[in-house]
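Note that this is a predicted model, so its numbers are computed, not measured.
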Amino acid sequence: MTIRLLIVDDDPLVRAGLTFMLGGAEDIEIVGEAADGTQVAPLVERCAPDVVLMDIRMPAMDGLTATEALRARPGAPEVLVLTTFHADEQVLRALRAGAAGFVLKDTPPDRIVSAVRRVAAGDPVLSPAVTRQLMTHVAGTSPGTSPGTSPDARRRVAAGRLATLADREREVAYAVGRGRSNAEIAADLYMSVPTVKAHVSRVLAKLGLNNRVQIALLVHDADPATGDGADRGGDVR
């Protein structure tokens, strides 16, 4: 399957470099380029990308605003955030808005290609270690809380939302928070991979979330110790 990719960055040299690098992959087609967030929605309508590689800091409309607007639409493409920082408030907000992960601008080319493929396949590009780093260094808010909410209040809100899940769904949610793949969850919980996928889909629907990264962030809010020692290969740094 060919992955249709839209590149969004205000620097024409960066766009040219990304286009040259990613366009060389046999399974990736660059279907459009945008210089700022205002151009994203029209290009998504016209080009129908599977993945949007989105710079965060841009004039006119930044990547965060564009990500929030895009992911609020039905049938939105996946968003992979492009940034220069690991622990950045805007990165965390983009992940909470529904971005599937992030890559640094100095990431080796082959790993950016791999990240695009992972996101297109529905896998997050974010390890538990990076989740903890973001949550430790940046004050975030869970859905349903206001900016500046204390960690204790955020924990109560997140735990309350997870408590609405059935027992098996909650087990799967916590496994996602520990960075487990569907195959690993299936082995750990003695169920089939299709059953795990069905549970993940129900968790997303019940909690009003739109990808596994948001599940992991909510689980981390409810229990910051979740994932300790469970760092796996989704970290692209």
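Leu13 and Ile112 end up in different hydrophobic clusters when Ile, Leu, Val, Met, Phe, Trp and Tyr side chains are linked at under 4.5 Å.
Under the 3.5 Å distance criterion, the side-chain polar atoms of Arg71 are left unmatched by any main-chain donor or acceptor of Ala94. Counting only distance, with no hydrogens or angles, the side chain of Asp50 and the backbone of Arg4 share a donor-acceptor pair below 3.5 Å. For the pair Thr67 (side chain) and Gly63 (backbone), a donor-acceptor distance under 3.5 Å is present.
Residue Leu5 forms a side-chain contact (heavy atoms from CB on, under 4.5 Å) with just one option from Val31, Val51, Val119, and that option is Val51.
Applying the side-chain hydrogen bond (donor to acceptor under 3.5 Å, both in side chains) test to residues at least two apart or on different chains, the pairs with a partner in residues 10-26 are Arg15-Glu33, Thr19-Glu33.
Here the CZ-OG1 distance, from Arg168 to Thr195, works out to 9.5 Å after rounding to the nearest 0.5 Å.
Ion pair Arg117/Asp27 flagged as a salt bridge, since at least one NZ, NE, NH1 or NH2 atom sits closer than 4.0 Å to an Asp/Glu carboxylate oxygen. Taking 4.0 Å as the cut-off between side-chain N and carboxylate O, Arg96 and Asp221 count as a salt-bridged pair.
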Verdict with reasoning, Lys105 to Asp9, per salt bridge (Lys or Arg N to Asp or Glu O under 4.0 Å) | CA-CA 11 Å; Lys105 289 191 175 182; Asp9 195 293; 3.2 Å; yes
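Summarising the local packing, NZ of Lys197 is surrounded by 12 or fewer heavy atoms from other residues, nucleotides or ligands at distances under 6.0 Å.
Partners of Asp167 by side chain to side chain donor-acceptor pair (under 3.5 Å), not counting sequence neighbours, listed by chain and number: Arg170.
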Please tabulate, for the side chains in residues 37-47, all donor-acceptor contacts under 3.5 angstrom to protein atoms that are two or more places apart in sequence or on a different chain.
residue	atom	partner	partner atom	Å
Thr38	OG1	Asp36	OD1	2.3
Gln39	OE1	Ala35	N	2.8
Glu45	OE2	Arg73	NH2	2.5

